[in-house]
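All remarks here apply to the structure that follows.
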Amino acid sequence: MAMVGLFWITEDSVYLGAEPAGTASGVRLTEDGVEALGSDHGTSWSWNEVRRIDVRDVPVRSTARRLASLAFDSLYVAVTGDGQLPPAYTVRVDTADGTAEVSVLSAVVGGTYAPAEYELSRTLLGRLADGSATVGDLLDWRRDHAADGAPPREEREALLRKWAEVD
């Protein structure tokens, strides 16, 4: 598994946010389309049906604010022993037949995303929805780097720029 922007990439699937476990909700992107997962969902759409994928309420902070927040959260957990789930955000899938909203958990360390990765991820979601990019590009990268963990920030941003075709 590797995190690149909003994407949790495994060898055979790409998730927005954390890969859901059990009955938790989530969104999986496959080469065939988009799947809303979880006990309240279970819907899927082919890429031909998807008009737009958007994300809302994504926790975004600058690098300095992310580090300060992570340090505070770590201290809080160490002192109180009270861990919390990461923040959730909403994935909105627009199709010709309507709109579905799915809550997903943030999978990035500290629960917040850097502004550049967030914006590049949104651009890539637009390209996936309009067919100018494919999930296969992300999966091919993951298969080629199966032994590696999540790449460093600079490499994540470079990958997102490449996939989103942003200079």
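Position 1 is the first residue of the sequence, and the numbers go up from there. Please read these numbers as outputs of a predicted model, since none were measured by experiment.
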Find the distance between [atom1] ([X]) and [atom2] ([Y]) and round it off to the nearest 0.5 Å.
X: Phe7; Y: Leu128; atom1: CZ; atom2: CG; result: 6.0 Å
X: Met3; Y: Glu117; atom1: CE; atom2: CD; result: 8.0 Å
X: Ile53; Y: Arg127; atom1: CD1; atom2: CZ; result: 13.0 Å
X: Leu160; Y: Arg122; atom1: CG; atom2: CZ; result: 13.5 Å
X: Glu49; Y: Thr95; atom1: CD; atom2: OG1; result: 6.5 Å
X: Thr134; Y: Asp137; atom1: OG1; atom2: CG; result: 3.5 Å

Which atom of [X] lies closest to which atom of [Y], heavy atoms considered:
X: Ser25; Y: Pro20; value: O-CB, 3.5 Å
X: Ala18; Y: Trp8; value: CA-CE3, 3.9 Å
X: Tyr89; Y: Gly17; value: OH-N, 3.0 Å
X: Val102; Y: Ala36; value: CG2-CB, 3.7 Å
X: Arg52; Y: Ala129; value: CA-CB, 3.9 Å
X: Ser44; Y: Glu35; value: CB-CG, 3.8 Å

Ignoring hydrogens and geometry, is there a side-chain-to-backbone donor-acceptor pair from [X] to [Y] under 3.5 Å?
X: Arg92; Y: Glu101; value: no
X: Trp47; Y: Thr30; value: yes
X: Tyr113; Y: Ser106; value: no

Taking it one step at a time, do Leu125 and Asp54 satisfy side chain to side chain contact (heavy atoms under 4.5 Å, CB included)? CA-CA 7 Å; Leu125 284 171; Asp54 196 16; over 6 Å; no
Determine whether Arg142 and Thr10 satisfy the following criterion, side chain to side chain contact (heavy atoms under 4.5 Å, CB included), listing intermediate values before the conclusion. CA-CA 7 Å; Arg142 183 66 194 135; Thr10 69; 5.8 Å; no
Salt-bridge criterion met for Glu11 and Arg143 (N-O under 4.0 Å): no
Step by step, work out the side chain to side chain contact (heavy atoms under 4.5 Å, CB included) result for Val4 and Ile9. CA-CA 8 Å; Val4 178; Ile9 308 169; 4.1 Å; yes
Polar side chain donor-acceptor pair, Ser132 to Asp130, under 3.5 angstrom: yes
Kindly indicate, with the supporting measurements, whether the criterion side chain to side chain contact (heavy atoms under 4.5 Å, CB included) is fulfilled by Val91 and Leu6. CA-CA 11 Å; Val91 177; Leu6 299 177; over 6 Å; no
